[in-house]
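Just the heavy atoms: all of them, side chains too, but no hydrogens, waters or symmetry mates, feed the values below.
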Amino acid sequence: MNGLSVSELCCLFCCPPCPGRIAAKLAFLPPEATYSLVPEPEPGPGTAGASSLGTLRSSSAGGTPKRWKLHLTERADFQYGQRELDTIEVFLTKSVRGNRVACMYVRCVPAARYTVLFSHGNAVDLGQMSSFYLGLGTRIGCNIFSYDYSGYGASSGKPSEKNLYADVDAAWQALRARYGISPDSIILYGQSIGTVPTVDLASRYECAAVVLHSPLTSGMRVAFPDTKKTYCFDAFPNIEKVSKITSPVLIIHGTEDEVIDFSHGLALYERCPKAVEPLWVEGAGHNDIELYSQYLERLRHFISQELASQRS
């Protein structure tokens with residue numbers, strides 16, 4: 001696209017779309033759930049505390065604790081065995097907008113220095129991501145905490161931009177309260193649409209670090225690549241928030257990204273005052289960066305050396 005056409009300009013300025021409609025059109029494709037939650041009784045004295053498939057704890061209306069068995073369907077394509085599955089704990093929390101938010105805590109490394117709060121990409125849920133989380137956490141020496149957006153997986157409600165921000169807030173608060181993890185031990189990681197709640201949260205709270213994987217600058221800039229400013233009706237305005245992040249930021253983007261152009265990563269890098277050396281993966285697209293060796297190498301170096309040196 002070389003520029004906005006007259007008809008497109010008319011549509012934008014005469015009948016501008018609301019942020020919610022932009023968000024719904026561009027971003028949200030919740031998949032058919034790849035996991036379910038089966039309630040089971042609380043263990044009695046002397047009973048093993050963890051179920052064979054992980055547990056999910058929440059409170060019923062009467063305040064009675066519940067335990068849930070995590071059942072992964074074949075579509076989750078879980079790549080590990082029972083031992084690894086037993087390292088996964090799941091539970092429900094509630095957002096300020098009243099939606100239940102399904103959360104997953106993957107204990108990859110005993111006594112890990114950092115926990116990664118991972119906001120996943122579109123068209124996947126926690127079931128599909130569970131194998132990736134186990135592999136990633138083990139390789140970078142971190143535990144992984146993640147959650148499903150409203151309308152995804154076992155989370156209730158419908159996907160929307162406002163719910164996205166409320167969901168990540170609920171996850172952040174749950175991670176801190178349930179596990180006692182301090183902000184300086186939390187790395188916020190967002191992939192694709194997950195960079196939206198990640199940037200929003202990081203612009204409001206200080207943490208150990210931020211990783212933006214295939215990020216977008218804003219919804220309008222994805223739909224209309226030649227957009228140069230942020231309009232009041234734009235959705236997902238990462239470009240306006242990234243300058244407020246006070247934690248170190250690592251940006252990762254493929255140079256051949258066919259969904260969110262490489263220029264988005266570059267623009268965010270230039271706007272971010274706390275950006276470290278980025279990782280531009282030559283030839284990588286939107287969904288295959290993890291297959292390149294530089295991906296894990298850069299993450300390991302960032303976490304084990306750059307963050308460690310900043311703390312000393």
Side-chain angles (χ1 to χ4, degrees), residues 50 54-57 84 86-93 95 101-120 126 129-130 132-148 165-191 194-213 215 241-242 244-252 272-279 295-312:
T55 58
L56 185 154
R57 297 179 177 85
E84 290 83 6
D86 287 341
T87 67
I88 299 174
E89 179 182 353
V90 286
F91 64 92
L92 289 174
T93 190
S95 78
V101 179
C103 299
M104 175 179 283
Y105 186 54
V106 187
R107 298 180 184 273
C108 305
V109 182
R113 172 67 186 87
Y114 296 108
T115 296
V116 175
L117 199 174
F118 199 111
S119 297
H120 60 66
L126 291 176
M129 293 297 293
S130 54
F132 174 75
Y133 292 154
L134 277 162
L136 177 66
T138 302
R139 289 171 173 83
I140 65 174
C142 297
N143 293 324
I144 307 289
F145 183 89
S146 190
Y147 63 102
D148 264 336
Y165 301 142
D167 296 339
V168 75
D169 267 351
W172 168 266
Q173 298 299 340
L175 175 58
R176 295 205 57 205
R178 178 176 288 259
Y179 299 103
I181 299 177
S182 62
D184 64 0
S185 294
I186 298 174
I187 297 172
L188 301 181
Y189 189 122
Q191 180 174 5
T195 62
V196 174
T198 297
V199 168
D200 183 75
L201 189 72
S203 71
R204 294 180 288 113
Y205 295 100
E206 190 167 0
C207 59
V210 180
V211 180
L212 302 179
H213 177 154
K241 299 178 181 180
V242 73
K244 301 176 184 177
I245 298 177
T246 58
S247 309
V249 179
L250 169 62
I251 299 177
I252 302 171
C272 182
K274 296 289 287 185
V276 300
E277 181 181 353
L279 174 61
Y295 170 72
L296 281 176
E297 290 169 3
R298 185 68 187 94
L299 281 177
R300 286 195 191 105
H301 187 270
F302 180 54
I303 294 169
S304 65
Q305 297 188 39
E306 292 178 48
L307 294 187
S309 65
Q310 290 190 17
R311 292 178 57 86
S312 59

Checklist outcome for this item: Sorted by chain and number, sequence neighbours left out, ring pair (Phe, Tyr, Trp, His ring centres under 6.0 Å) with Tyr105 holds for Tyr179

Checklist entry - Which atoms form the tightest heavy-atom contact between Pro248 and Val276, and what is the distance? => result CB-CG1, 4.2 Å

Item to check | Point-to-point distance, once rounded to the nearest 0.5 Å, from CD1 of Ile186 to CG of Leu175 | outcome: 4.5 Å

Next on the checklist: According to ring pair (Phe, Tyr, Trp, His ring centres under 6.0 Å), who are the partners of Tyr165, at least two apart in sequence or on a separate chain?
Outcome noted: none

Item to check | Test side chain to side chain contact (heavy atoms under 4.5 Å, CB included) applied to Phe145 and Ile181, step by step | outcome: CA-CA 11 Å; Phe145 183 89; Ile181 299 177; over 6 Å; no

Item to check | Evaluation steps, side chain to side chain contact (heavy atoms under 4.5 Å, CB included), between His301 and Glu277 | outcome: CA-CA 11 Å; His301 187 270; Glu277 181 181 353; over 6 Å; no

Item to check | For Ser146, side-chain hydrogen bond (donor to acceptor under 3.5 Å, both in side chains) partners two or more places apart | outcome: Tyr133

Checklist entry - Do any pairs count as a salt bridge (charged side-chain N to carboxylate O under 4.0 Å, His left out) and have a residue in residues 166-177, sequence neighbours left out, and if so which ones? => result Asp169-Arg204

Checklist entry - In chain order, what residues pass the side-chain hydrogen bond (donor to acceptor under 3.5 Å, both in side chains) check against Arg298, with sequence neighbours excluded? => result Glu306

Checklist entry - Passes side chain to side chain contact (heavy atoms under 4.5 Å, CB included), Tyr189 versus Thr198? Steps please. => result CA-CA 7 Å; Tyr189 189 122; Thr198 297; 6.0 Å; no

Checklist outcome for this item: Hits for side-chain hydrogen bond (donor to acceptor under 3.5 Å, both in side chains) against Tyr147, two or more places apart or cross-chain, chain-then-number order -> Ser119

Next on the checklist: Quick check: do Val168 and Leu188 have side-chain heavy atoms less than 4.5 Å from each other?
Outcome noted: no

Next on the checklist: So Leu307 and Ile187, do their side chains get closer than 4.5 Å, heavy atoms only?
Outcome noted: yes

Next on the checklist: Assess the residue pair Val210 and Leu201 against the criterion (side chain to side chain contact (heavy atoms under 4.5 Å, CB included)); give the C-alpha distance rounded to whole Å, side-chain angles, the decisive distance to 0.1 Å, and a yes or no.
Outcome noted: CA-CA 10 Å; Val210 180; Leu201 189 72; over 6 Å; no

Next on the checklist: Could you measure the distance from the CG atom of Leu117 to the CG atom of Asn143? Nearest 0.5 Å is fine.
Outcome noted: 12.5 Å

Next on the checklist: Any non-hydrogen side-chain atom of His120 less than 4.5 Å from a side-chain atom of Asp148?
Outcome noted: yes

Checklist entry - Is any side-chain heavy atom of Leu279 closer than 4.5 Å to a side-chain heavy atom of Leu299? => result no

Checklist entry - Where is the tightest heavy-atom contact between Pro183 and Glu206, given as atom of each residue plus distance? => result CB-O, 3.3 Å

Checklist entry - Once you round to the nearest 0.5 Å, how far does CD of Glu297 lie from CD1 of Ile140? => result 14.0 Å

Checklist entry - Below 4.5 Å, heavy atoms only, C-beta onward: do Val199 and Pro215 meet side chain to side chain? => result no

Item to check | Donor-acceptor pair, side chain of Thr195 and main chain of Leu212, under 3.5 angstrom | outcome: no

Item to check | Main-chain N/O of Gly135 paired to Thr138 side chain as donor or acceptor, under 3.5 Å | outcome: no

Checklist entry - How far does CD1 of Ile88 sit from CE of Met104, to the nearest 0.5 angstrom? => result 5.0 Å

Item to check | Heavy-atom closest pair, residues Ala102 and Leu126 | outcome: O-CD1, 3.6 Å

Checklist outcome for this item: Heavy-atom closest pair (Cys108 atom, Ile144 atom, distance to 0.1 Å) is SG-CG1, 4.1 Å

Next on the checklist: Tell me the closest heavy-atom pair linking Ala112 and Cys142, and the distance in Å.
Outcome noted: CB-CA, 4.1 Å

Next on the checklist: Please check: side-chain N/O of Asp184 versus main-chain N/O of Ala208, any donor-acceptor pairing under 3.5 Å?
Outcome noted: no

Checklist entry - Less than 4.5 Å apart, any side-chain heavy atom of Val106 and any of Phe132? => result no

Item to check | Over all atoms of both residues, closest heavy-atom pair of Gly137 and Val109 | outcome: O-CG2, 3.7 Å

